[in-house]
Amino acid sequence: AIDWPRRYANMRNHSAAHFVLHAVQQTLDKSDDDLPVKGCHIHPAGSRIDFAADLPGASVPAVETAANDLIATGLPIGMEAEPASDEVYYWTYDGDRIVIPCGGTHVRSATELGPLKLRRSKKGANLTRVAAAFAA
């Protein structure tokens, strides 16, 4: 049996992590190659993304605003299969404006989310963690 409350919390936090990833890249004007993701953890209480880069702490308010602005538009969240492969999927938002490789479970719309609060911490040389949780 599926523990639906736990699964739904994970779905919400997984979807939110994509908004954070995009907001970090957009705010810092970096691509996947310039800002590699070292790891990610999704759990019912929030999510975190570890970047193999030194992200400035001063950028966190702008990243948080960018992620929350995207969420506030309340658009549908899509999952699109790669036409050439049955094993590759893409998380999409705003049509095809935001496309991120992913095969996980997500909510159907940003209306199922809410404002995020972000926290940045250094985890070593060139390793920065950005944690996200829904604002109370």
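Since the model is a prediction, treat every value here as computed from it, not as a measurement.
Ion pairing of R97 with D94 is present here, as a side-chain N (NZ or NE/NH1/NH2) and a carboxylate O approach within less than 4.0 Å.
Linking ILVMFWY side-chain heavy atoms closer than 4.5 Å, directly or via other members, places L21 and M79 in a single hydrophobic cluster. Hydrophobic clustering keeps I42 apart from I71 (ILVMFWY residues linked when any side-chain heavy atoms are closer than 4.5 Å, directly or through intermediates). When hydrophobic clusters are built by joining Ile, Leu, Val, Met, Phe, Trp and Tyr residues whose side-chain heavy atoms come closer than 4.5 Å, directly or via intermediates, F19 is grouped together with Y89. Hydrophobic clustering, with ILVMFWY side chains joined whenever heavy atoms are under 4.5 angstrom apart, groups I77 together with I100. Both V60 and L35 belong to a single network of hydrophobic side chains, linked directly or stepwise wherever heavy atoms of I, L, V, M, F, W or Y lie under 4.5 Å apart.
For H18 and H22, the ring centers are positioned 6.0 Å apart or more.
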From CA spacing to verdict: side chain to side chain contact (heavy atoms under 4.5 Å, CB included), S47, V20: CA-CA 10 Å; S47 62; V20 172; 5.7 Å; no
Derivation and outcome, side chain to side chain contact (heavy atoms under 4.5 Å, CB included), residues V63 and L55: CA-CA 11 Å; V63 170; L55 305 180; over 6 Å; no
Using the rule given for side chain to side chain contact (heavy atoms under 4.5 Å, CB included), can you reason through T105 versus N10, listing the C-alpha separation, both sets of side-chain angles and the distance that settles it, and then say yes or no? CA-CA 8 Å; T105 57; N10 282 334; 5.8 Å; no
Walk me through whether Q25 and F51 qualify under side chain to side chain contact (heavy atoms under 4.5 Å, CB included). CA-CA 11 Å; Q25 292 172 333; F51 295 94; 5.6 Å; no
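Across all their heavy atoms, P61 and A58 have their closest contact at CD-O, 3.4 Å. Minimum interatomic distance between H106 and G104 (heavy atoms only, all atoms of both residues): CD2-O, 3.3 Å. Scanning both residues, T27 and A66, for their nearest heavy atoms gives OG1-CB, 3.8 Å. Of all heavy-atom pairs between S109 and G74, the closest is OG-O, 3.5 Å. Between C102 and W91, the closest heavy-atom pair is CB-CB, 4.2 Å.
Not a single donor-acceptor pair under 3.5 Å links the side chain of R7 to the backbone N or O of I2. In this structure, the side chain of N68 engages the main chain of L116 through a donor-acceptor pair within 3.5 Å. For Y93 (side chain) and A110 (main-chain N/O), no donor-acceptor pair under 3.5 Å exists by modelled atom type. Looking only at distances, no side-chain donor or acceptor of Y90 sits under 3.5 Å from a matching main-chain atom of E82. Under a 3.5 Å cut-off, the side chain of T128 and the backbone N or O of A53 do form a donor-acceptor pair. Side chain of N13 to main chain of H43: a donor-acceptor pair is present (N/O by atom type, distance under 3.5 Å, no hydrogens or angles).
By the 6.0 Å contact criterion, NZ on K117 is open, its count of non-hydrogen atoms from other residues, nucleotides or ligands being 12 or less. Counting heavy atoms of neighbouring residues, nucleotides and ligands inside a 6.0 Å radius, atom CG of D3 exceeds 12 of them.
To the nearest 0.5 Å, atoms CZ (R48) and NE2 (H41) are separated by 5.5 Å.
Two residues are said to be in side-chain contact when any heavy atoms from C-beta on lie closer than 4.5 Å; S15 and E112 fail this criterion.
When R120, K38, R129 are each tested for a salt bridge (charged side-chain N to carboxylate O under 4.0 Å, His left out) with D50, only one passes: R129.
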